[in-house]
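A quick write-up on the structure given underneath.
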Amino acid sequence: GENVEQHPSTLSVQEGDSAVIKCTYSDSASNYFPWYKQELGKRPQLIIDIRSNVGEKKDQRIAVTLNKTAKHFSLHITETQPEDSAVYFCAAAGGTRYGKLTFGQGTILTVHP
Amino acid sequence: GAGVSQSPSNKVTEKGKDVELRCDPISGHTALYWYRQRLGQGLEFLIYFQGNSAPDKSGLPSDRFSAERTGESVSTLTIQRTQQEDSAVYLCASSLATGVGNTIYFGEGSWLTVV
């Protein structure tokens, strides 16, 4: 089955800096890669996603890049703010598993004012 | 409803008891998923339902776990003879369909503590 590895497990940045979280996946059939943000005690919420037919997608301060050959994808947050502090999860799905997201272990992002 | 609704929000049960967790998906969503999240961990897939198709149960950790869904509405996740390792947040999610890119929306979860 699919295996998703996420790094780093914790990330601490100063307000205004950029943050980058990286994930690798094992199943070349995966073709959908969402990122979720989860605040303490809250539900995971989709912040951005990318399909395998594109290499990059941006939404304001958030961007995701995908390298299908290397089987890795990354989340980039620019001009970080304290409210960006949360746990971020990457996930992969597709092929015969399109209904089943396989999640990474999460990255705890802390943005210091 | 406005979002995925789960109940109870919190449940404390004694080891060996059975528990039932309920999920109301977003109206019109044909796909429904259950995930488990242990403290400080990622989300583990348990089971998903898509319309009238047979559910994909490949993530259920043991035969103590089962789930049902009535048509395209409410789902119930049942854990029999609960064990302490079952303590986790059980998250339900739904999506319009299960094609690639159908956004999956999560509920707030049911926090289960087995003592």
Side-chain angles (χ1 to χ4, degrees), chain A residues 1-10 21 23-25 27-54 57 59 64 66 68 86-108, chain B residues 1-6 9-10 23-26 29-51 53-60 67 69 75 88-111:
Chain A
E2 174 67 280
N3 182 52
V4 177
E5 298 286 337
Q6 183 172 346
H7 300 280
S9 56
T10 60
I21 303 170
C23 289
T24 60
Y25 60 99
D27 189 346
S28 57
S30 289
N31 54 8
Y32 175 60
F33 308 93
W35 286 87
Y36 284 83
K37 175 183 180 182
Q38 187 176 32
E39 297 175 355
L40 189 63
K42 300 293 187 182
R43 72 185 78 193
Q45 293 195 304
L46 180 74
I47 55 171
I48 195 167
D49 57 13
I50 192 167
R51 293 154 180 70
S52 60
N53 59 343
V54 298
K57 182 176 178 180
D59 183 3
V64 57
L66 171 66
K68 287 176 58 181
V87 182
Y88 291 80
F89 292 97
C90 63
T96 59
R97 305 175 292 101
Y98 53 74
K100 298 157 56 175
L101 292 172
T102 301
F103 283 83
Q105 289 301 302
T107 297
I108 302 172
Chain B
V4 178
S5 178
Q6 292 188 243
S9 55
N10 285 283
C23 174
D24 280 284
I26 294 172
H29 280 196
T30 63
L32 185 147
Y33 315 80
W34 284 98
Y35 286 83
R36 177 172 71 179
Q37 186 176 29
R38 290 197 170 107
L39 189 64
Q41 300 292 314
L43 285 75
E44 303 171 70
F45 166 80
L46 297 177
I47 185 171
Y48 89 87
F49 300 86
Q50 168 58 49
S53 301
D56 182 331
K57 304 179 181 181
S58 60
L60 294 178
R69 186 181 188 193
S75 175
V89 178
Y90 289 83
L91 289 157
C92 178
S94 70
S95 64
L96 199 56
T98 55
V100 168
N102 278 280
T103 300
I104 295 175
Y105 298 91
F106 284 88
E108 294 282 359
S110 290
W111 294 67

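FYI, side chains are in, hydrogens and waters are out, and symmetry mates aren't considered; it's all heavy atoms of this structure. In this text the structure is predicted, and so the values were computed from the model without any measurement.
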Return the orientation label for the B/Tyr35 and A/Phe103 ring planes: parallel under 30°, perpendicular over 60°, tilted otherwise.
perpendicular
Under 4.5 Å from a heavy atom of chain B, the part of A/Pro44 involved
both
Between A/Gln45 and chain B, with a heavy-atom cut-off of 4.5 Å, which part of the residue counts as in contact: side chain, backbone, both or neither?
neither
When A/Lys42, A/Arg43, A/Lys37 are each screened for salt bridge (charged side-chain N to carboxylate O under 4.0 Å, His left out) with A/Glu39, the one that passes is A/Lys37
Intermediate values then yes/no, salt bridge (Lys or Arg N to Asp or Glu O under 4.0 Å), B/Glu44 and B/Arg38:
CA-CA 9 Å; B/Glu44 303 171 70; B/Arg38 290 197 170 107; 3.6 Å; yes
For B/Gln37, is it the side chain, the backbone, both, or neither that has a heavy atom closer than 4.5 Å to a heavy atom of chain A?
side chain
Under 4.5 Å from a heavy atom of chain A, the part of B/Leu91 involved:
side chain
A/Ser52: partners by side-chain contact (heavy atoms from CB on, under 4.5 Å), with sequence neighbours left out
A/Asn31, A/Phe33, A/Leu66, A/Lys68
